[in-house]
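For reference, the structure is listed below as structure tokens.
Chain identifiers are assigned alphabetically (A, B, ...) following the order of the sequence lines, protein sequences preceding nucleic acid strands; residue numbering begins at 1 within each chain.
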Amino acid sequence: MSTVHSTVSLPRAYTPADSEPAIRQQWQDAGIGHVEPPEPDASCYCIVIPPPNVTSALHLGHALNNTLQDILVRYHRMRGTAALWMPGTDHAGIATQSVVENRLMQSGTRRVDLGREAFIQRAREWKDEYEAVILGQLRELGASCDWDRTRFTMDPVCTAAVRHAFFRLYQDGLIERGKRLVNWDPVTQTALADDEVEMEDVAGHMWYLRYPLEDGDGFVTVATTRPETMLGDTAVAINPADPRAASLRGRFVRLPIVGRRIPIVEDDYVVMPDAEGDAKARYATGFLKVTPAHDPNDWDIGLRHDLDVINIMAPDATISDHHGWEDVPDEARRFIGLTREAAREAVVAWFNEAGLLESVRDYSHSVGHSYRSHVPIEPYLSDQWYVRVTDERLRGAALRALSDEQYEGERPAGGTEGDGVIRFTPSRYAKTYQHWHENLRDWCISRQLWWGHRIPVWTLDVPMQGELPTAPLSTPPAGCDLPMCCVDDAALCVRISVDVANETVRIMACVDRDRPELEAALVEAGFAQDPDVLDTWFSSALWPMSTMGWPAPEAFPDTEGLLDAFNPTDVLCTAREIITLWVSRMVMFNRYFLGGRVPFRDVYIHPMVQDGHGQKMSKSLGNGVDPRDIIHSHGTDALRLVMAQIATSTQDVRLGVDLVDPHSGETFEPEFITTPAGHRVAAPVQQSPSVSGAEMVTVYGLLTGESPSEDRPLAKNTSSRFDVGRHFANKMWNAVRFALGRIESPASEVDMQSMSLADRWMCSRLVAAVEDAEKALAEYRFNHYAEVAYDIIWRDFCDWYLEAIKPTIGDDAQQQRVLLSVLDALLRLLHPICPFVTEAVWPHVRALGDRKLPGLDLPDAELVASAAWPVLSASLIDEDAEQQTDRLQRLVGEVRRARSENDVPVKAKIALLAPPRLEDMAKASAGMLAAMCRVAEVRPRGETLPAGMLAFVFDGEEVLLDLAGGVDPEAERARLESKAEALQGTIKSLNGRLSNDAYVQKAPAHLVDETRSQLQQAEADLVATQAAIEALS
RNA sequence: GGGCGAUUAGCUCAGUUGGCUAGAGCGCUUCGUUUACACCGAAGAGGUCACAGGUUCGAGUCCUGUAUCGCCCA
């Protein structure tokens, strides 16, 4: 074997960092991700990336999300379809503005100090910085996106889509301005979407306030957690089922402090008092103060009973008489200007002094907080823009898009394109989607921010003159039932509303995309653009269209043809937390603007990555793992393999977070502490596990004010979970090294008839593995695909096949050809998961010559990334080889166990004494037996059994091993007797099953037959075992 | 309060229409550096499948209830 020298071309161990950068460059040079729209009938595959927020670098959740997408895209590309993966990033309005403001505040600058233009410039600089980081990370991960088509939700292409979508919706009456209660953040003074509100449990109080009845005949007691809002009360409500309701019907209450006369109304929303009931009922009095301007439920009650709405607060949540509160008596003057917290104390004190405070009880409840400023949300009445998503054209379309089998109940009939197309994987998320739409509320899309798409509406208020317009200036479009709607230019939509109280007429003009002259004309005429920007999800909702050039591909020639070829996309791959925020809205918009077409056919929801304690990885806990660190310490393939392995359909995955000791480089499990909020985190300072006395600061330590120093450096987070991936890539690498050393002159032709058992078996296994992988991917079972690839490479190929062919490969040109071909196919099979190591060894394997077998098609390619997925013919399936190998593997297992249990030295050669039925097989596989378990000799077993041998039972026959060193007869007897006992147990259980008539009659015949043959086998094994025991004595 | 999900080996998780002795990786024990790989190989220990009922010839798998944990919505 002089060929060993050729392994020299590969180092002993795979070091990812040595080859990954060059491989990325190769992919980029070859443009593997770039796709042009193909001919109409060609097969297409498309995924749009969930655009990461430009707020910060990508975390492990992104690594998971994007690894899975890349696996799909690489697989479909290898299958020969035009596979487009559209990359890009999201401007993330609130989140980005927030991080930029925080950075400014570090130097004491507020955004208002900078002004709008300068602030947007700062935000743009932040975006440029993080966009580069994110795109770099995606490339590092190996993401084979079409980088030429990289988009950003605020770039000109996407902006055109946002402008036109807004215009169309405005024109069609689906966007309107409305006074509504919003989730108001009084610190940042902006409205928040429902999902931007974080619920927190707060230990507060329930105050019991007495409101005197107007006629002086006693009082009612209301219970409230927010006494300060009573200044805006416009009713007291009671449940109509309450026995006290009848006597109070039609009566009034005189509101303390304010003196307002407010009605008692009956509404079944009111919880009746019940000492045994739920938390709310135990604290209830049966009387509810109703403050429509400051509570969403009260708002609804107000609508039902036509109550006054009195706003008593300014936008900063201080008590104010400038925002709708007019009946302010002198008694209430002293509350004006107080913060809501101070007002609460003052109001309670007033009631106490007036003898109207009945009692106070401790009360824990859930209060919405701003995810941005972390102060309690104030339900606040303000003017906002809404999309009427509850309209049948939007919500109905989204519901009808769901596939029949995933729709709960009868799916509404539709009959337009796209109906019944969307399927969720796992299917249970279809329910989340459906329930969300069934309880949908209109979508507030305006945000009081500077960073985002500015609302394209220009407004002018003019004094009312003469007669009010009583009819639309022109006919509104179909479906638009808004008053005073008029249409002018095809790119201009004007609406007029009348404010009778202030005697003004408001003219609002919405302008379509690409009409700067209209905008200028409006400004010239004194119109001012709305200062607000759109909710980020408005532009995200258009992502599958905007990235493909809608509505004006001719204006952006790079995008021409994309929409027709690639929308609908094939699958949206995302986390479940944005099913409502994003998935739903993409479906509504795509269907609305593209004639019912859905944005994607499949929605795959992947699990969440948690830390070792089941907590979400978050910046504030310092428990996140940076994918770049794993790429550097373990290699990208290791990261990707583990990501694929954990992508199971049932549950979220815990990934224990370890530390890297900066003193020694070793990985260790940190000491954990519990934070005041109850989270498990790494203690701020840790001892080095191996360098005595040395300390380090953790990421959590950094957050709590520890500053790293030269003596006490920062310790990076990592996870030993990725070791398995590193080991696997190294295994693949070394299998190739082995092959390079043995494949000297592969045969140019292969005669399948004369292939060895091992070769036939390996090819047969390969067929099964490729089939399994294809099936797994079709069902989005990434973990199964990873398992299939892992097992065939490590268990079948390395552990068995390579060991089995060691004795013969050197002199067998045909076998060399088989090895080479199988290796090539395995690299293709593995490539979508581990693109780097497969690409790194590819040129070496390619250099060895043709790789093709009858029934195995492997067209050559420069790069494995652009190679074809292996196509195997069923003719390679070899049941006989699989059965024989299975038998041989069991025999090897028995021999190995016998050797191990009897402490036979590894180098000691032993002889196998086989009964006739086994002898042929053993002799035919003598080389393999020698290689796998050091059986040096196979001899026939005579009728008389020689002493001093070890016996075991194989397929009902007694086999002997001549172990050279001899056998301890007592240990041997004990082993055989325990074996016999186990067999007796098996026989008893099988007999029991077969003597059960119901089993024999009802179970499928093949199972019953199987049971019978098992019984036969066990009985034969028992006889042979007992014979062996007798032979011992 | 409503909805969804989870509970399987010391740890992290598989287990596809119910069907042989419930699997993997890590960790642990023992042995081994044989010329692909110690990021390796061989052997082994370790599970009343949360609990209680039910359906069935047969339940980790289906149904009901209980407990605990998680997420979403109110």
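Side-chain nitrogen and oxygen atoms of W800(A) include none within less than 4.0 Å of the OP1 or OP2 phosphate oxygen of A42(B). A sub-4.0 Å separation between OP1 or OP2 of A42(B) and a side-chain N or O of R897(A) is absent.
Residues V892(A) and N734(A) each lie close to RNA chain B; by heavy-atom proximity, the contact nearer the 5' end of the strand is made by N734(A). Sequence order on RNA chain B of the closest nucleotides to N996(A) and A13(A) puts A13(A) first from the 5' end.
If you check every strand for non-hydrogen atoms under 4.0 Å, R795(A) touches sugar and phosphate atoms only. Backbone-only engagement by R993(A) is indicated by non-hydrogen atom pairs under 4.0 Å involving sugar-phosphate atoms exclusively.
The aromatic rings of W582(A) and W537(A) sit tilted relative to each other, their planes meeting at an angle between 30° and 60°. Using the six-membered ring where Trp is involved, Y780(A) and F782(A) have ring planes that are tilted, between 30° and 60° apart.
At a cut-off of 3.5 angstrom, counting only N and O atoms as typed in the model, there is no donor on one side facing an acceptor on the other between the side-chain of E901(A) and the base of A42(B). Put simply, the side chain of K731(A) and the base of C37(B) share a donor and an acceptor less than 3.5 Å apart.
Because its NZ or CZ atom is not both nearer than 6.0 Å to the ring centre of W800(A) and within 45° of the ring axis, R795(A) does not count as a cation-pi partner of that residue.
Using C1' as the reference atom, G15(B) and G25(B) are 15 Å apart when rounded to the nearest Å. To the nearest whole angstrom, the two P atoms, one in C28(B) and one in G19(B), are 35 Å apart. Taking atom P in both C62(B) and U17(B), one finds a spacing of 9 Å when rounded to whole Å. Taking atom P in both A50(B) and G10(B), one finds a spacing of 13 Å when rounded to whole Å.
Listed nucleotides C39(B), C37(B), G19(B) differ in distance to R737(A); the shortest reach to its side chain belongs to C37(B).
We find that CG of D1021(A) is positioned 13 Å from C1' of U21(B), with the value rounded to whole Å. At whole-Å resolution of the value, CZ in F738(A) and P in U35(B) are 13 Å apart. Across the protein-nucleic acid pair, W733(A) atom CH2 and A36(B) atom C1' stand 12 Å apart, rounded to whole Å.
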Donor-acceptor pairs are to be reported for all side-chain atoms of residues 10-18 of chain A against protein atoms at under 3.5 Å, with residues two or more places apart or in another chain.
residue, atom, partner, partner atom, Å
T15(A), OG1, D18(A), OD2, 2.5

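Taking a pair as Watson-Crick or G-U wobble with both distances under 3.5 Å, the runs of three or more consecutive pairs in RNA chain B are B:1-7 with B:67-73, B:10-13 with B:23-26, B:28-32 with B:40-44, B:50-54 with B:62-66.
A donor-acceptor pair shorter than 3.5 Å cannot be found between the side chains of H606(A) and T574(A).
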Heteroatom pairs (N/O) under 3.5 angstrom, protein to nucleotides 69-71 of chain B:
none

